[in-house]
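Shown next, in structure tokens, is the structure this report addresses.
Worth saying up front: this structure is predicted, and the values here are computed from it rather than measured.
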Amino acid sequence: AVVEICLAAATKKDPQGLALHYYSTGENPDDSVGLQTYRARMDTYRHCTRMLQTLLSSSTTVSTSPSVPASPGPPPPVDPSHLAPAQASEWAEEVFQLMVSSDDELLHVALYQWLIDNRYTDRLLGIKSAYLENYLKRAISQHSEQIFLFDIIWK
């Protein structure tokens, strides 16, 4: 539900699609309205990538071995804010798939950048989307000094 809420919030912040126009036309620094809506959308999408990060971190958490209780009696209740690693992994995959299946190009941009920043290039390369090729070509043209981008597009 979080992905859908983020998408709805992004659309509400930018009903005219000015952020996509700003992005598609090369991020003109003179387009202050486009920049403002682009940043607003990216801030909204950050909730999705943060949730994905939290779930992925929880999915790899090593459970601690049982310890001797401080006092006799029944074991303390399980903290509901802690997910079992298998559940966190399942939910992370669900969130990832919802993001990838979205037709919101800027959500894809936010996801791709997050995947690169967090060194999930294998996940990035597994995505089948026209948005990915456009993103990589654009990233290379704007940041030709970043060799790893050439490596990603080559793969």
Side-chain angles (χ1 to χ4, degrees), residues 1-62 78-155:
V2 173
V3 175
E4 290 88 357
I5 291 169
C6 287
L7 288 168
T11 300
K12 187 166 183 137
K13 289 179 180 184
D14 180 25
Q16 297 172 328
L18 299 175
L20 182 59
H21 180 271
Y22 172 79
Y23 173 79
S24 298
T25 58
E27 300 178 30
N28 181 350
D30 296 330
D31 182 1
S32 61
V33 175
L35 173 61
Q36 183 179 8
T37 56
Y38 179 80
R39 285 183 177 164
R41 275 188 174 260
M42 289 298 150
D43 285 343
T44 303
Y45 302 140
R46 203 164 289 120
H47 293 286
C48 294
T49 56
R50 282 185 188 146
M51 181 176 58
L52 192 55
Q53 180 64 52
T54 300
L55 289 168
L56 288 170
S57 295
S58 296
S59 72
T60 59
T61 302
V62 177
V78 176
D79 184 352
S81 68
H82 289 75
L83 285 175
Q87 183 69 56
S89 180
E90 183 181 319
W91 287 356
E93 185 59 29
E94 186 177 322
V95 168
F96 181 79
Q97 291 305 323
L98 284 169
M99 292 174 77
V100 168
S101 66
S102 169
D103 62 355
D104 185 324
E105 184 173 357
L106 292 179
L107 176 62
H108 283 258
V109 168
L111 175 62
Y112 302 159
Q113 190 59 54
W114 181 85
L115 289 168
I116 289 171
D117 291 345
N118 289 280
R119 304 192 194 295
Y120 289 110
T121 52
D122 289 342
R123 289 301 303 257
L124 181 70
L125 294 173
I127 297 172
K128 305 294 182 229
S129 170
Y131 296 138
L132 179 57
E133 185 177 344
N134 292 338
Y135 170 81
L136 291 172
K137 285 179 180 177
R138 189 172 181 285
I140 285 173
S141 70
Q142 289 187 333
H143 306 286
S144 60
E145 75 284 357
Q146 296 182 351
I147 305 283
F148 70 91
L149 289 171
F150 289 99
D151 186 47
I152 291 171
I153 205 162
W154 179 78
K155 291 179 181 179

Heavy-atom pair of closest approach, residues [X] and [Y]:
| X | Y | value |
| --- | --- | --- |
| Leu56 | Ala92 | CD2-CB, 3.8 Å |
| Asn28 | Tyr22 | O-CE1, 3.3 Å |
| Glu27 | Tyr38 | OE2-OH, 4.1 Å |
| Thr37 | Ala19 | OG1-N, 3.3 Å |
| Thr49 | Met99 | CG2-CE, 4.0 Å |
| Thr44 | Ala10 | CG2-N, 3.9 Å |

For the side chain of [X] and the backbone of [Y], is there at least one donor-acceptor N/O pair under 3.5 Å apart?
| X | Y | result |
| --- | --- | --- |
| Tyr131 | Asp104 | no |
| Glu4 | Ala1 | yes |
| Ser89 | Ala86 | no |
| His108 | Leu132 | no |

To the nearest 0.5 Å, how far apart are [atom1] in [X] and [atom2] in [Y]?
| X | Y | atom1 | atom2 | value |
| --- | --- | --- | --- | --- |
| Ile127 | Asp122 | CD1 | CG | 11.5 Å |
| Leu18 | His21 | CG | NE2 | 8.5 Å |
| Leu115 | Leu125 | CG | CG | 9.5 Å |
| Cys6 | Lys13 | SG | NZ | 8.5 Å |
| Leu52 | His47 | CG | NE2 | 14.5 Å |
| Arg46 | Arg39 | CZ | CZ | 10.5 Å |

* Structure fact -> Between Ser102 and the options Val3, Leu107, Leu111, the side-chain contact (heavy atoms from CB on, under 4.5 Å) test singles out Leu107

* Sidechain N-carboxylate O distance under 4.0 Å for Arg41, Glu105 -> no

* Asked: Where do Gln36 and Ser32 land on the side chain to side chain donor-acceptor pair (under 3.5 Å) test, with the steps shown first?
  -> CA-CA 6 Å; Gln36 183 179 8; Ser32 61; over 6 Å; no

* Between Trp114 and Tyr120, what is the ring plane arrangement, given parallel below 30°, perpendicular above 60°, and tilted in between? -> parallel

* To do: Please report the C-alpha distance between Tyr23 and Arg138 in whole Å, then the side-chain angles of each, then the deciding distance to 0.1 Å, and finally whether the side-chain contact (heavy atoms from CB on, under 4.5 Å) criterion is met.
  => CA-CA 10 Å; Tyr23 173 79; Arg138 189 172 181 285; 3.1 Å; yes

* Got a sec: does the CD of Gln113 have more than 12 other heavy atoms crowding it under 6.0 Å? -> yes

